[in-house]
Amino acid sequence: MVGFNRAVAGTPVGNWYDNGNNVIAFSRGSKGWVAINNEGGSVTRTFSTGLPAGTYANDLGGGSVTVGSNGTASVTVPAKGAVAIHTGGGGGPGPSPTPTVNPGEVAASFNANVTTYYGQNVFVVGDVEELGGWDPAKAVALSPSSYPVWKATVSLPAGTAVSYKYVKKNPDGSVTWESDPNRSFTTPSGGAVTRDDTWR
C-alpha cells in the first residue's frame, strides 16, 4: 500500500459506498480507490471508482480491476479482505511500464507464475545493478495484472550473463526466496528477451 498512499496523498474522499453492514468503498480524488469487506463471504458489485478508464493492478493481492469509461468497475471483494487500485503504479506493485531501451541495452521481460495470498507481492532480484545486486530491498516489483503470472520488463545490459531469482515480500516485511539454484541466462546483443518461469 506504500504506492497507493503516495499516489493519493492530499486527495479528497469521494464515491463513498456503505452496504449498511461490513462493506465500505471510497475513492481518493481520481488517483485511487479502495473497497474493504469485513463480512464472512465475498461481495461482488459494480462500484463507482472515480478513476480514469483502464486496467489496474490490485495493490492488495493478485488480479486486476478494469474501470470502464464511466468510471465504474465490477469488483469481487474477498471475505475479510480488500481491493485497492491507484493510478501511476508509483512505488508499488502496479503495472510496469516498458522501459526506454538505450544503446547497449535490451528489454528483458520477466513472466513468473507464482501463487500468492493477499498482501504478498513478487519481485525479481539478481546479480546485476538493474535487478538490485541481490539486495531484496532493491528488487524489481512485478505486476500481478495477469495473475497468477507476475510481470515486469527491465532494461538490462546487452550481451551479459545474468543470474536471478524471484522473491515474495510478505505483509510482515519478511522475504521468501525461491529455492536454489539461481536462474541464469545471457542477454542478446540487442532487441528483447523474455523469461517465462514458475516459482520453485
Side-chain angles (χ1 to χ4, degrees), residues 1-39 41-101 107-124 139-155 169 171 192 194 196:
M1 290 295 284
V2 172
F4 181 92
N5 290 335
R6 288 177 179 161
V8 305
T11 58
V13 172
N15 295 292
W16 179 267
Y17 169 79
D18 183 339
N19 74 343
N21 194 13
N22 288 306
V23 178
I24 62 170
F26 56 90
S27 63
R28 290 289 302 273
S30 61
K31 299 292 187 180
W33 174 85
V34 63
I36 303 169
N37 177 13
N38 196 36
E39 296 187 351
S42 63
V43 172
T44 301
R45 75 178 308 274
T46 298
F47 296 91
S48 293
T49 69
L51 270 62
T55 300
Y56 300 84
N58 178 13
D59 291 324
L60 295 175
S64 60
V65 174
T66 299
V67 176
S69 58
N70 61 355
T72 65
S74 178
V75 181
T76 298
V77 188
K80 303 295 182 181
V83 174
I85 57 177
H86 71 278
T87 60
S96 300
T98 300
T100 300
V101 180
S109 296
F110 294 89
N111 303 324
N113 190 316
V114 186
T115 301
T116 57
Y117 59 80
Y118 276 92
Q120 249 185 350
N121 290 295
V122 180
F123 295 72
V124 61
V140 176
L142 275 64
S143 167
S145 59
S146 299
Y147 186 84
V149 178
W150 296 70
K151 299 183 176 184
T153 300
V154 184
S155 185
K169 292 190 179 181
T194 299
D196 293 314

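Computed from a prediction, not measured in an experiment: that's the story for all the values here. By convention here, the first residue in the shown sequence is residue 1.
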Run the numbers on V114 and Y147 for side chain to side chain contact (heavy atoms under 4.5 Å, CB included), then give the verdict.
CA-CA 8 Å; V114 186; Y147 186 84; over 6 Å; no

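Side-chain atoms of V75 and R45, non-hydrogen and from C-beta on, never get closer than 4.5 Å to each other. Between E39 and N19 the shortest side-chain heavy-atom distance falls below 4.5 Å. Put simply, the side chain of S74 does not reach to within 4.5 Å of the side chain of T66, judged on heavy atoms. Side-chain contact between T87 and P52 is present, with at least one heavy-atom pair separated by less than 4.5 Å.
Contact record, I85 with A57: CG2-O, 3.6 Å, taken as the closest heavy-atom pair. When all heavy atoms of V34 and A84 are compared, the pair lying nearest together is CG2-CB, 3.9 Å. Of all heavy-atom pairs between V77 and A82, the closest is CG1-CA, 4.0 Å. Closest approach of V122 to T116, counting heavy atoms only: CG2-CG2, 3.7 Å. Between N70 and T72, the shortest heavy-atom contact is OD1-OG1, 2.8 Å.
Looking only at atom types and distance, the side chain of T49 has no donor-acceptor partner in the side chain of S27 under 3.5 Å away.
Relative orientation of the Y17 and F47 rings is perpendicular, given thresholds of 30° and 60° on the angle between their planes.
Taking CG of D196 as the reference point, atom CZ of F110 lies at 11.0 Å (rounded to 0.5 Å). Note that the CG atom of N121 and the CG atom of N58 stand 9.0 Å from one another [nearest 0.5 Å]. Within the model, atoms NZ of K151 and OG of S109 stand 8.5 Å from one another, a figure rounded to the nearest 0.5 Å. Within the model, atoms CH2 of W150 and OG1 of T115 stand 10.5 Å from one another, a figure rounded to the nearest 0.5 Å.
No side-chain donor-acceptor contact under 3.5 Å links W33 to the backbone of L51. In this structure, the side chain of N38 does not engage the main chain of K80 through any donor-acceptor pair within 3.5 Å. Distance alone, capped at 3.5 Å, places no donor-acceptor pair between the Y56 side chain and the G32 backbone.
More than 12 heavy atoms of other residues, nucleotides or ligands lie within 6.0 Å of NZ in K169, so this atom counts as buried by the packing criterion.
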